[in-house]
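We use all heavy atoms of the structure for the numbers below, so side chains are in, but hydrogens, waters and symmetry mates are not. Computed from a prediction, not measured in an experiment: that's the story for all the values here. Proteins come first, then strands; the chains are lettered A, B, ... in the order of their sequence lines, and each starts at number 1.
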Amino acid sequence: MKPTTRDAYWLMHQGALALNELTANGIAIDTGYCRRQEDKLSDEISSLKQKLLKTKEFKTWKNIYGQSFNIKSNKQLGDVLFNHMGHTPIKFSDDEGKNPSVDKEALETLDIPMVKVLVRLRKTRSARERLRGIMRETVDGFMHPFFGLHLMVSYRSQSSRMNFQNMDKRDKRKKKIVRRSLCARPGRQLGEFDYGQQEVRVAACTSHDPVLIDYIVNEGDMHLDMAMEIYLLDEDEVSYEARDCAKNRFVFPEFYGDWYKTCTKNLWEGIGEMSVCTKSGTPMKEHLRDQGIKSYKQFEKHLQGVEDRFWHERFKVFDAWREDLWRSYLKWGYVDLVTGFRCYETMKKNECLNRPIQGPAFHCLLWTIIQLNKHIKKQKMDTLMVGQIHDSGIADIVPDECDDFLHSIVQIGTLDIREHWDWLIVPLEVDFGLSPIDGSWYDKEDYEL
DNA sequence: TCGTTCACGC
DNA sequence: GACGTACGTGAACGAA
């Protein structure tokens, strides 16, 4: 770690102390629920296994491997499916192209009934392992996940035992199973505050791109605009799914350094996976045909144009900033963060370009947590910070203190912080989620202040 | 022990 | 014109 300013050193020092307080505080665990749920999942895993063993794919598998048959071996699975049963691999894991991939995505495109059960088995097992991990790290009803600032090259944070930063969220069933076990202390509420689009805001601040700044200041919807361009739609014809695909399969990947070819693939597949339609209900591929895009190749060509305009017209200042940054790194061998750190590592281009955005975005959260902890102590509050996930913080809140606490977050996290760091030239936004009294992380609901 | 693959988060 | 998500943890397998 190379802090180059007093402020940067202070941030790491106070940050480490604050994060260790979160660890010491710990989060309450419903251990009875964990044990019951573990048993339930074990039963389900057994019956899924029974179901699998009856399929013809598994009979073949057992015949081939005999004694060494192992249902958890993906190597064996790939061998059976692709070498013995004649299925065609969809994608390959390594550079040589030798090992056919058997991950979720590859399996789902195979259209064999057995894989549905197998995917379900994997998910159920991973949910159970997560609960087991939580129980293993729980002492007297509290889990104390570690948060580190000293191991990462990215200037973000890291978490372990349990890793608090990758609890299930996207898969609804697993989200419920896992987050239901993380609770508020008796008589309290679990609350979460999230910075909204923090990385985009930091990107605007570091690059000074006027279009990016305008989107934020005037609360424009860049994902909507890109959906219109990608799918050739009028504003009022952009459906939720279309906007969602534009956001997660084009805009974000592009900002992380991806390019139109992979984006095209993901967008094209997304149309099928998410049944993307226009708002009035026309299937997207049909709509694209009407617009003259009749094949994958034509769609790719179209996306090449979209990407070109994205970087060379819409966000050309940001694009130029990135090119300058890369040239500077090649010349001097380091890249500086606005928060006062200097990165000397050997970096690939995308690593170099992302570091000045990801690190400072997290530093905003870190600064806020430090100040919040100070505020809590000064006011002699009993509310406790208990966790942190890159751009969000989790607290165990005393209901009487809730209002003051949330207002303090807005004050510190969006206003005071801009007094402290003048490089923050756009407004910041914080969203809240709150559980009922005695609720769990799963019960959290959006909360308007 | 260690590299690879898988799966999860931002 | 070529190049091309970033950052993490952890479990399991299987080769060394």
Engineer: Which part of the nucleic acid, if any, lies within contact of A:K349, taking any heavy atom under 4.0 Å across all strands shown: a base, the sugar-phosphate backbone alone, or nothing?
Structural biologist: nothing
Engineer: Counting only side-chain nitrogens and oxygens, does A:S101 get under 4.0 Å of the OP1 or OP2 atom of B:dC6?
Structural biologist: yes
Engineer: Does A:S157 reach a base, just sugar-phosphate, or nothing at all? Heavy atoms under 4.0 Å.
Structural biologist: nothing
Engineer: By side chain to side chain contact (heavy atoms under 4.5 Å, CB included), which residues pair with A:R161, not counting sequence neighbours?
Structural biologist: A:E137, A:F146
Engineer: Who passes side chain to side chain donor-acceptor pair (under 3.5 Å) against A:H420, sequence neighbours left out?
Structural biologist: A:D7, A:W367
Engineer: A:H13 vs A:Y9 aromatic rings, parallel, tilted or perpendicular, using cut-offs 30° and 60°?
Structural biologist: perpendicular
Engineer: Tell me: CG of A:D171 to P of B:dC6, nearest whole Å?
Structural biologist: 18 Å
Engineer: Would you tell me if any nitrogen or oxygen in the side chain of A:K174 comes within less than 4.0 Å of OP1 or OP2 on B:dC8?
Structural biologist: yes
Engineer: Say we look at B:dG9 and C:dT5: how far apart would their C1' atoms be, to the nearest angstrom?
Structural biologist: 15 Å
Engineer: Using only heavy-atom distances, determine whether the side chains of A:Y256 and A:E199 contain a donor-acceptor pair under 3.5 Å.
Structural biologist: yes
Engineer: Please work out the stems of DNA chain C from pairs that are Watson-Crick or G-U wobble with both distances under 3.5 Å, keeping only runs of three or more consecutive pairs.
Structural biologist: B:1-9 with C:7-15
Engineer: Please check the phosphate of C:dT9 (OP1 and OP2 only) for any side-chain N or O of A:Q165 closer than 4.0 Å.
Structural biologist: no
Engineer: Among all residues two or more places apart in sequence or in another chain, which pass the side chain to side chain contact (heavy atoms under 4.5 Å, CB included) test with A:R35?
Structural biologist: A:T31, A:M135
Engineer: Quick test: give all pairs of protein nitrogen or oxygen and nucleotides 14-16 of chain C nitrogen or oxygen below 3.5 Å, distance rounded to 0.1 Å.
Structural biologist:
from	atom 1	to	atom 2	distance (Å)
C:dG14	OP1	A:S73	OG	2.3

Engineer: Rounded off to whole Å, could you give me the CG-to-P distance for the A:L77 and C:dA12 pair?
Structural biologist: 17 Å
Engineer: Between A:S181 and A:Q37, does any side-chain donor sit less than 3.5 Å from a side-chain acceptor?
Structural biologist: no
Engineer: With A:Q197, which residues qualify under side chain to side chain contact (heavy atoms under 4.5 Å, CB included), at least two apart?
Structural biologist: A:V200, A:R201
Engineer: Quick one: which residue pairs count as a side-chain hydrogen bond (donor to acceptor under 3.5 Å, both in side chains) with a foot in residues 78-90 of chain A, not counting sequence neighbours?
Structural biologist: A:Y65-A:D79, A:D79-A:N83
Engineer: Do the ring planes of A:F299 and A:W268 sit parallel (below 30°), tilted (30 to 60°) or perpendicular (above 60°)?
Structural biologist: tilted
Engineer: Between P on C:dA2 and CG on A:D308, what's the gap in Å once rounded to a whole number?
Structural biologist: 14 Å
Engineer: OP1 or OP2 of B:dA7 less than 4.0 angstrom from a side-chain nitrogen or oxygen of A:K104, does that happen here?
Structural biologist: no
Engineer: Where along residues 117-143 of chain A does a heavy atom fall under 4.0 Å from DNA chain B?
Structural biologist: A:R122, A:R130
Engineer: Provide, to the nearest angstrom, the distance between the CD atom belonging to A:E199 and the P atom belonging to B:dG9.
Structural biologist: 16 Å
Engineer: Using salt bridge (Lys or Arg N to Asp or Glu O under 4.0 Å) as the criterion, list what pairs up with A:R132, not counting sequence neighbours.
Structural biologist: A:E38, A:E129
Engineer: Below 4.0 angstrom, which residues in residues 353-371 of chain A have at least one non-hydrogen atom near DNA chain C?
Structural biologist: A:N354, A:R355, A:Q358
Engineer: Under a plain distance cut-off of 3.5 Å, with no hydrogens placed, do A:N166 and A:R130 share a side-chain donor-acceptor pair?
Structural biologist: yes
Engineer: List for me each residue that meets salt bridge (Lys or Arg N to Asp or Glu O under 4.0 Å) alongside A:R179, sequence neighbours excluded, and say none if there are none.
Structural biologist: none
Engineer: The side chain of A:E351 is closest to which nucleotide in this list: C:dG4, C:dT5, C:dC7?
Structural biologist: C:dC7
Engineer: What's the closest nucleotide to the side chain of A:S154 if the choices are C:dT9, C:dC7, C:dA6?
Structural biologist: C:dC7
Engineer: Who pairs with A:E21 by side chain to side chain contact (heavy atoms under 4.5 Å, CB included), at least two apart in sequence or on another chain?
Structural biologist: A:N373, A:K377
Engineer: Can you tell me how far P of C:dG8 sits from CD of A:Q388, to the nearest Å?
Structural biologist: 14 Å
Engineer: Give me the ring orientation class for A:F315 and A:F310: parallel if the planes are under 30° apart, tilted from 30 to 60°, perpendicular past 60°.
Structural biologist: perpendicular
Engineer: NZ of A:K72 versus C1' of B:dT4: gap in Å, rounded?
Structural biologist: 18 Å
Engineer: Measure the distance from CG on A:D103 to P on C:dA12 and round it to the nearest whole Å.
Structural biologist: 19 Å
Engineer: Before you tell me yes or no, could you show the steps for A:W332 and A:Y344 under ring pair (Phe, Tyr, Trp, His ring centres under 6.0 Å), namely the whole-Å CA-CA distance, both residues' side-chain angles and the distance that decides it to 0.1 Å?
Structural biologist: CA-CA 9 Å; A:W332 302 106; A:Y344 284 102; over 10 Å; no
Engineer: Checking contacts here: which listed nucleotide (C:dA6, C:dC7, C:dG8) is nearest the side-chain heavy atoms of A:R156?
Structural biologist: C:dC7
Engineer: Whole angstroms only, please: what is the CZ-C1' distance between A:R161 and C:dG8?
Structural biologist: 17 Å
Engineer: Can you tell which of C:dT5, C:dT9, B:dA7 lies closest to the side chain of A:Y256?
Structural biologist: C:dT5
